[in-house]
Amino acid sequence: MSVRKTMSSIRTASVIGAGDLPATSRRRFLRNAAVAGVAVSGASTLTACGFFSTDADSDDDGPAEAEDGAKEAPSLAQQVEDGTLPPLEERLPKEPLVVEPVEEIGQYGGSWRTYFGGPDDNNAFNPINYEGLVRWAREYTGATGLEEIIPNLATFEVNDDGSSYTFHLLEGVKWSDGEPFTADDIMFWYDSVLLNETVTPAPPPWLTSRGELVTVERVDDYTVTFTFAAPKAFFLHSMAHLGEGVKVCEYPRHYLEQFHPDHNDEAEQAAADNGHDDWVTLFDMGSPATRRHDTNMPRLTPWLMTDPPNTGSRAVAERNPYYWKVDPDGKQLPYLDEVVYTLSEDPEVSLLRALDGEVDLEHRGLNQGDNYPLVYEGQEDGDYRLMTYNYDSMNIAELQLNLTHQDEVKREIFNNKDFRIGLSHAINRQEIIDLVYNGQGEPWQTSPLEETPFYHEQLATQYIEYDVDLANDHLDESGYTERNGDGIRLGPDGNPIVINLTTRADAFNWTDVGELLTDYFREVGVELRVDPVSGELATETRDSNQHDAVFGSGLGGRASLIVPWNYVPISTPAGFGVEWAQWYQGVPDAAEPPGPVREQFELWDQVIATADPGTQEELFDQILDIAAEGFFQIGIATPRPEFAVVKNSMRNVPDEMPSGSPYPNPAPYNPEHFFKDE
């Protein structure tokens, strides 16, 4: 088979070093391809100086003062001198947020070179858009305590039972156009976005308690209070999440009210003038891509998109002159002038760029299982080093059959537990580990990892034995014993059982895994067709419940309570139960889940309504028991270590950091204080 031949030819005996890399290595293949025409082109305390200070691992002796003593980038200083920009003291808050350096005080100038996969490649742009009221601490572990959360745009207070959260905004923060950021912006989000049923048809679960939506109250210009009907244990964790709480701080009232009919009677006409069918499509900032493409919208981020990613093969974000963070010497951040993205739709091209030293910091597309020896060997020639990412995953590729499929026949087949067990026994997990992931990992289903408090032996080890006879026995017991002339089993409608696997083409070697599964399943009479697509299309297909099957990345291996959807399907990343998640979220006409899943939902509601860790653990163990008995998805193997390429000139980047949702690496390590030492 092609995958077996290809993968075995490029494997090495070790992933620690690459001295024994075969002469016919992928580097030679990639170099030849290039010659042939491949295009390559937190803050919980006050410091003595009165500034808020983030956590850090700074040197004991403290950072040295920059030689020139400049407190802002030269380009901004020139604008001040020219009279086109206010002086620095008028652009910064009264008490700027201080970012302690990982290594040392930096210097101004230079570009962060990376790449993006297309206009809707959200993950490429997330690291420079992580500015919420609170944020994850750098040394995030996935624990549920408040020590994981640090102030950012606001400090916070929590009442005794965790039902009320008060945020005190950092006074004097300005949007990138110089307008003040105040409680009015938060209230605009609450009144005109969250409470507007056209913009927000269904209230997001992280903002509800006992079925009631949160109440947000403006206390004064710089204070807001969020109040829930019952304790909301993980609310601050949601507020630190890039996809949830950060959105609260992305609605500048003074700019967006022109597009909203509650504030502008001409909003519909404005939408028509801009080529939109109605006002909400022009206003709705729920899509990160929409925000990136609007270069006029004020932001609170360190860099501002000046050349958006929908304009060609390059995107550029330049420094924000009103950015509100400084280093311990009072120098305004960011240090780097710009972030430059080059279009790279092919992971092999991304790999070439990294090997050639054209990437300053990136991991996406490089973490394919067979790349490590090649990237390790190339460090000296490419003038880069490797940083370890501790990925929060319990499985490298969960096979998620769509148990809420819109097609009644496929829904019946996929919901047959014996059918799922049969497919699981048909998988040669060790061969996948050896061929695709360089021998890294062990056969695994879908339990939290063994080193965590929530490890569940049954959920980890059931049905992982590779046994074709046993697989056939279970598939026969499922009732699908009849086969066509090609040996494919016939479903209840008399047609061959065919599963279309929609998978990301750019992630985790999932296409290679899918090709191996195709052989394994055909051997037991089930046809699998692999459809590699972009990450955006894969997500859209899954979230709209249009899939037969998808791969999941097993998030929640360590942070199981913070990222629970692989165990209790409360949100659509649970590709095995999209409509169950929608039912839980209150989406009209969503399919009601079976009794065991409803029981999981009831237990989860109890988990998030208590702040007691012991009670949370006891309840979540019951959720895992139900997940094990239901066997809703099929795991492959534990994940292998991940890495990122870091140019040797890039400073203030740690040797390792956490990775994976909800931790939007490298954003919590303050990219605004990364700098080039050239």
Side-chain angles (χ1 to χ4, degrees), residues 116-126 129 198-202 204-205 241-244 246-247 276-278 280-294 308-310 315 343-347 364-365 397-407 410-411 414 499-508 510-511 513-514 529-555 563 565-566 569-591 633 660-662 664:
F116 69 110
D120 298 326
D121 184 2
N122 299 339
N123 290 330
F125 305 97
N126 285 343
N129 288 296
T198 304
V199 180
T200 310
H241 197 301
L242 181 64
E244 294 177 344
V246 171
K247 293 182 183 296
H276 294 274
D277 293 335
D278 52 46
V280 73
T281 57
L282 177 60
F283 171 83
D284 185 12
M285 306 312 293
S287 165
T290 304
R291 290 195 299 274
R292 285 195 298 273
H293 300 164
D294 182 2
N310 64 337
L343 182 64
S344 181
E345 297 175 297
D346 184 347
R364 300 174 325 112
E398 305 160 298
L399 178 63
Q400 300 177 330
L401 300 178
N402 185 358
L403 307 185
T404 65
H405 205 294
Q406 296 180 13
D407 182 276
K410 290 196 171 183
R411 185 166 66 245
F414 297 161
I499 303 172
N500 295 295
L501 174 63
T502 304
T503 183
R504 289 178 56 179
D506 63 339
F508 308 111
W510 281 348
T511 301
V513 175
R529 298 172 181 172
V530 181
D531 182 19
V533 299
S534 69
E536 292 70 38
L537 182 55
T539 299
E540 179 183 340
T541 302
R542 179 200 66 201
D543 290 354
S544 60
N545 203 39
Q546 299 294 318
H547 61 295
D548 285 358
V550 293
F551 277 138
S553 56
L555 290 170
V563 189
W565 56 70
N566 278 306
I570 61 170
S571 57
T572 53
F576 61 91
V578 170
E579 284 212 10
W580 297 342
Q582 293 171 344
W583 182 88
Y584 178 75
Q585 295 168 0
V587 175
D589 301 323
Q633 52 186 337
S661 178

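Quick note: residue numbers are just sequence positions, from 1. Scope of the values below: all heavy atoms of this structure, side chains included, with no hydrogens, waters or symmetry mates.
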*Asks:* Is the shortest heavy-atom distance from the side chain of Pro569 to the side chain of Tyr584 under 4.5 Å?
*Replies:*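 SC-SC contact between Pro569 and Tyr584 ruled out.
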*Asks:* Can you find a heavy atom in the side chain of Arg364 that is under 4.5 Å from one in the side chain of Asn123?
*Replies:*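 Arg364 reaches Asn123 side chain to side chain.
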*Asks:* What distance do Glu579 atom CD and Gln585 atom CD have between them, rounded to the nearest 0.5 Å?
*Replies:*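 Here the rounded value is 11.5 Å.
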*Asks:* Between the side chains of Asp531 and Thr503, does any donor sit under 3.5 Å from an acceptor?
*Replies:* no
*Asks:* Considering all heavy atoms of both residues, which atom of Ala549 and which atom of Ile499 are nearest to each other, and what is their separation?
*Replies:* CB-CG2, 3.9 Å
*Asks:* Can any side-chain N or O of His547 pair as donor or acceptor with the backbone N or O of Gly575 at less than 3.5 Å?
*Replies:*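 Flag set: sc His547 to bb Gly575 pair under 3.5 Å.
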*Asks:* Take Leu403 and Arg411, measure what side-chain contact (heavy atoms from CB on, under 4.5 Å) needs, and give me the verdict at the end.
*Replies:* CA-CA 6 Å; Leu403 307 185; Arg411 185 166 66 245; over 6 Å; no
*Asks:* Quick check for you: to the nearest 0.5 Å, what is the distance between Asn402 atom CG and Asn500 atom CG?
*Replies:*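 CG of Asn500 is found 12.0 Å from CG of Asn402.
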*Asks:* Judged by atom type as modelled, is there a donor-acceptor pair below 3.5 Å linking the side chain of Asn566 to the main-chain atoms of Ala574?
*Replies:*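 Answer holds: no.
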*Asks:* Taking all non-hydrogen atoms of both residues into account, name the closest pair between Ala581 and Thr572 and its distance.
*Replies:*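 Heavy atoms only, the tightest pair is CB-N, 3.9 Å.
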*Asks:* Check whether any side-chain heavy atom of Leu401 sits under 4.5 Å from a side-chain heavy atom of Phe576, and report yes or no.
*Replies:* no
*Asks:* Can you name the ring-ring contact (aromatic ring centres under 6.0 Å, His included) partners of Phe551, sequence neighbours left out?
*Replies:* Trp510
*Asks:* Mark yes or no for whether Gln546, through its side chain, and Ser544, through its backbone, hold a donor-acceptor pair below 3.5 Å.
*Replies:*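 Yes, because the side chain of Gln546 sits within donor-acceptor range (under 3.5 Å) of the backbone of Ser544.
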*Asks:* Please list all pairs meeting salt bridge (charged side-chain N to carboxylate O under 4.0 Å, His left out) that have one or both residues in residues 539-551, counting only residues at least two apart or in different chains.
*Replies:* Lys410-Asp548
*Asks:* Does some side-chain heavy atom of His293 sit less than 4.5 Å from a side-chain heavy atom of Pro309?
*Replies:*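 With C-beta onward as the side chain, the pair touches.
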*Asks:* Would you compute the distance between atom CG of Leu501 and atom CG of Leu399 and round it to the nearest 0.5 angstrom?
*Replies:* 6.5 Å
*Asks:* Where is the tightest heavy-atom contact between Leu343 and Gly118, given as atom of each residue plus distance?
*Replies:*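 Smallest heavy-atom distance, with atoms named: CD1-N, 3.7 Å.
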*Asks:* I need the minimum non-hydrogen distance between Pro662 and Val563, along with the two atoms involved.
*Replies:* CD-CG2, 3.2 Å
*Asks:* Give, for atom CG of Asp278 and atom CZ of Phe283, the distance between the pair rounded to the nearest 0.5 Å.
*Replies:*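 These two atoms lie 12.5 Å from each other.
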*Asks:* If you measure from OG1 on Thr539 to CZ on Arg504, what distance do you get to the nearest 0.5 Å?
*Replies:*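 One finds 6.5 Å between OG1 of Thr539 and CZ of Arg504.
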*Asks:* Between Thr541 and Val550, is there a side-chain heavy-atom distance shorter than 4.5 Å?
*Replies:* no
*Asks:* Compare every heavy atom of Pro308 with every heavy atom of Ala315, then report the nearest pair and how far apart it is.
*Replies:* CB-C, 4.1 Å
*Asks:* Please find the pair of heavy atoms, one from Thr511 and one from Pro532, that lie closest to each other, and give the distance.
*Replies:*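 For Thr511 and Pro532, the tightest heavy-atom pair comes out as OG1-CB, 3.7 Å.
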*Asks:* OG1 of Thr502 to CZ of Arg529: how many Å apart, nearest 0.5 Å?
*Replies:* 12.5 Å
*Asks:* Would a 4.5 Å heavy-atom cut-off, applied to side chains only, mark Leu555 and Glu398 as touching?
*Replies:* no
